[in-house]
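Take a look at the structure below.
Start at 1 and go down the list; that is how both ligands and their atoms are numbered. Count residues from 1 along the sequence.
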Amino acid sequence: MNSPPLLLAVETSCDETAAALIEGTARLRAAAVETQAPIHAAFGGVVPEVASRNHLHRIRQVVRRVLDEADCRLDGVDAFAATGGPGLASALLVGMSLAKSLALGLRRPFLAVNHIEGHLLSPFFGRADIPPSLGLVVSGGHTLLVGIDGAGRYRLLGRTLDDAAGEAFDKVAKLLGLGYPGGPEIDRLAREGDPDRFDLPRGMAGSGDLDFSFSGIKTAVRYLLPRLRPADAADVCASFQEAVVDVLVRKTLRALRESGRRTLAVSGGVSLNSRLRRRLAEAAVHEGFDALFAAPALCTDNAAMIAFAAAHHLAAGRVDDPGRDIQPQLGPELFSVA
Ligand code: KG4
Ligand code: ZN
């Protein structure tokens, strides 16, 4: 019997330089992520050109590490994949160019993977079947509710109309003088704070649809600043986090009700948030649905999730033209019309 194909994926859409080798859809042979966060922290956010230069500098070593760890030669790889977008254009080009060149040079299939699809499928990592479910993707760049009908079959149900949830965490952390990325810092400080101390707006909570808005809450925190003392930071973090989590939970429950789905798949960097995980896990018990969370290493940007999505494409016989361009914006092509 033939062994399942070995697929090497690279991810360079933002500030993580990552590679992963997967065998079939089930077995992760090796993965590596090198974060540039400390470099960008000095700027308070990701600087695109700094990111792409660092990808270029590091990607070869990251790929080498993965192949060595898996004890695999480059010519033993059966297919190459990269994140094709959405993301920073100059950063995407690094991973795409590398994967395309390897695929062309070694005459192997090439696959471009949508970064959001990588996140979306990450709670199912290792599974050959993707069950009908509701996906909540909460990351630094996106906040989406997606109906999942199977691998490659998605319907967009709701999205943020302004800031992404992670972006709100990062911007509020910056206002409070905390480090970048802000999410983990706020999560940590919030544990010592009072979530009821400040009444912050729950943007679009009652809008009757499944869209989100997080820019109002950031502005509300900005207006609070002049009357805050350093000792108030934990209470602001707890109140802010509770407001964001409240809206995410409410809309997710609404989407589950409206779509009739009984499985929730939560992914993206913000899905590491301890309060969000707790509230959704409690709601799952209360309302009788299954809540699946991506494993912590798969929440923030990584190549294992890209390899997993690509392995599903490959298994379904879907490969891409190596002439294919990057797609920096999230266009409609990932989703069929609802
Ligand atoms: O998925 P990701 O690596 O990036 C994008 O694809 O955008 O997510 C990064 C985001 C950042 O905004 C970061 O602040 C947030 O995830 N994040 C968190 C936590 N850990 C990371 N947000 C809230 N609570 C956390 N514990
Ligand atoms: Zn991401």
Side-chain angles (χ1 to χ4, degrees), residues 9-18 20 33-38 40-41 44-46 48 51 82-88 91-92 95 113-123 135-144 146 159-160 163-176 178-191 193 195 214 217-218 237-238 240-249 265-280 293-309 328-330 334:
V10 291
E11 149 68 43
T12 62
S13 66
C14 192
D15 61 344
E16 257 81 38
T17 313
V33 182
E34 265 198 31
T35 182
Q36 301 176 14
H40 298 281
V46 180
T83 305
L88 304 170
L92 290 166
V113 175
N114 186 297
H115 183 83
I116 300 302
E117 185 179 23
H119 279 302
L120 202 54
L121 297 185
S122 59
L136 170 67
V137 181
V138 271
S139 73
H142 301 275
T143 305
L144 304 167
V146 179
R159 64 189 303 175
T160 181
D163 291 351
E167 196 177 348
F169 271 92
D170 294 338
K171 286 179 175 171
V172 164
K174 197 168 175 180
L175 287 175
L176 298 175
L178 306 172
Y180 169 85
E185 296 264 340
I186 290 183
D187 194 346
R188 194 175 47 78
L189 266 173
R191 279 170 218 189
F214 294 109
I217 185 169
K218 169 197 67 193
C237 288
F240 162 77
Q241 178 174 274
E242 201 61 27
V244 171
V245 168
D246 238 15
V247 185
L248 289 171
V249 172
V266 194
S267 61
V270 181
S271 74
L272 283 170
N273 185 266
S274 58
R275 187 70 186 142
L276 178 65
R277 283 195 175 219
R278 175 130 181 227
R279 290 270 312 267
L280 286 175
F293 296 90
L298 298 181
C299 287
T300 47
D301 288 348
N302 65 89
M305 69 181 190
I306 303 300
F308 180 61
Q329 304 297 331
L330 176 60
L334 181 63

**Message:** Out of G182, G118, G140, P296, who is nearest to atom 9 (C) of ligand 1 when you count heavy atoms only?
**Reply:** G140
**Message:** Is there a polar contact, in the sense of an N or O pair closer than 3.5 Å, between G141 and ligand 1?
**Reply:** yes
**Complete:** heavy-atom search around atom 6 (O) of ligand 1 in the protein gives D301 OD1, 3.0 Å
**Request:** Let me know which of V10, L121, T83, N114 forms a side-chain contact (heavy atoms from CB on, under 4.5 Å) with I306.
**Result:** T83
**Asked** Roughly how far, to the nearest 0.5 Å, is the CD atom of E16 from the CD atom of Q36?
**Response** 8.0 Å
**Message:** As an exercise, identify every atom of ligand 1 less than 4.0 angstrom from a heavy atom of S139.
**Reply:** 1 (O), 5 (C), 6 (O), 7 (O)
**Prompt:** So, does H115 sit close enough to ligand 1 that a heavy atom of it is under 4.0 Å from the ligand?
**Reply:** yes
**Prompt:** Charged N to carboxylate O under 4.0 angstrom, E242 versus R279?
**Reply:** yes
**Message:** Looking only at protein heavy atoms, which one is nearest to atom 18 (C) of ligand 1, and what is the separation?
**Reply:** G183 CA, 3.5 Å
**Prompt:** Say you draw a straight line from CG of L298 to OG of S267; how long is it, rounded to the nearest 0.5 Å?
**Reply:** 10.0 Å
**Request:** Quick one: look at H142 and ligand 1, take heavy-atom pairs under 4.0 Å, and tell me if it's side chain, backbone, both or neither.
**Result:** neither
**Message:** Return the closest protein heavy atom for atom 17 (N) of ligand 1 as residue, atom name and distance.
**Reply:** G269 O, 3.5 Å
**Within 6.0 Å of CZ in R278, more than 12 heavy atoms from elsewhere** = no
**Asked** With atoms numbered from 1 as shown, which atoms in ligand 1 lie under 4.0 angstrom from a non-hydrogen atom of C299?
**Response** 1 (O)
**Prompt:** Can you list the atoms of ligand 1 that are under 4.0 Å from a heavy atom of T300?
**Reply:** 3 (O)
**Request:** Report the distance from atom CG of L248 to atom CZ of F214, rounding to the nearest 0.5 Å.
**Result:** 4.0 Å
**Fill in**
Here the vertex angle at the Zn ion (ligand 2) for OD1 of D301 and NE2 of H115, given to 10°, is 100°
**Complete:** ligand 1 to P181, heavy atom cutoff 4.0 Å, flagged ligand atoms 13 (C), 14 (O)
**Request:** Under 4.0 Å from a heavy atom of H119: give me the atoms of ligand 1 that qualify, with their elements.
**Result:** 1 (O), 6 (O)
**Request:** Kindly confirm whether the Zn ion (ligand 2) is within less than 2.8 Å of some N/O/S atom in H119?
**Result:** yes
**Request:** Sort out for me which residue in L330, L136, V138 forms a side-chain contact (heavy atoms from CB on, under 4.5 Å) with L144.
**Result:** L330
**Request:** Consider ligand 1: state whether an atom of it lies below 4.0 angstrom from any non-hydrogen atom of C14.
**Result:** no
**Message:** Any nitrogen or oxygen of N273, side chain or backbone, less than 3.5 Å from one on ligand 1?
**Reply:** yes
**Message:** Suppose we only count N/O/S atoms under 2.8 Å; would H142 qualify as near the Zn ion (ligand 2)?
**Reply:** no
**Request:** Identify, by atom number and element, the atoms of ligand 1 in contact range of D187, meaning under 4.0 Å from any of its heavy atoms.
**Result:** 24 (N), 25 (C), 26 (N)
**Item:** Minimum-distance protein heavy atom relative to atom 11 (C) of ligand 1
**Value:** D170 OD2, 3.5 Å
**Item:** Sub-4.0 Å atoms of ligand 1 with respect to non-hydrogen atoms of G166
**Value:** 12 (O)
**Spatial distance of atom CZ (R275) from atom CD (Q241) [nearest 0.5 Å]** = 8.0 Å
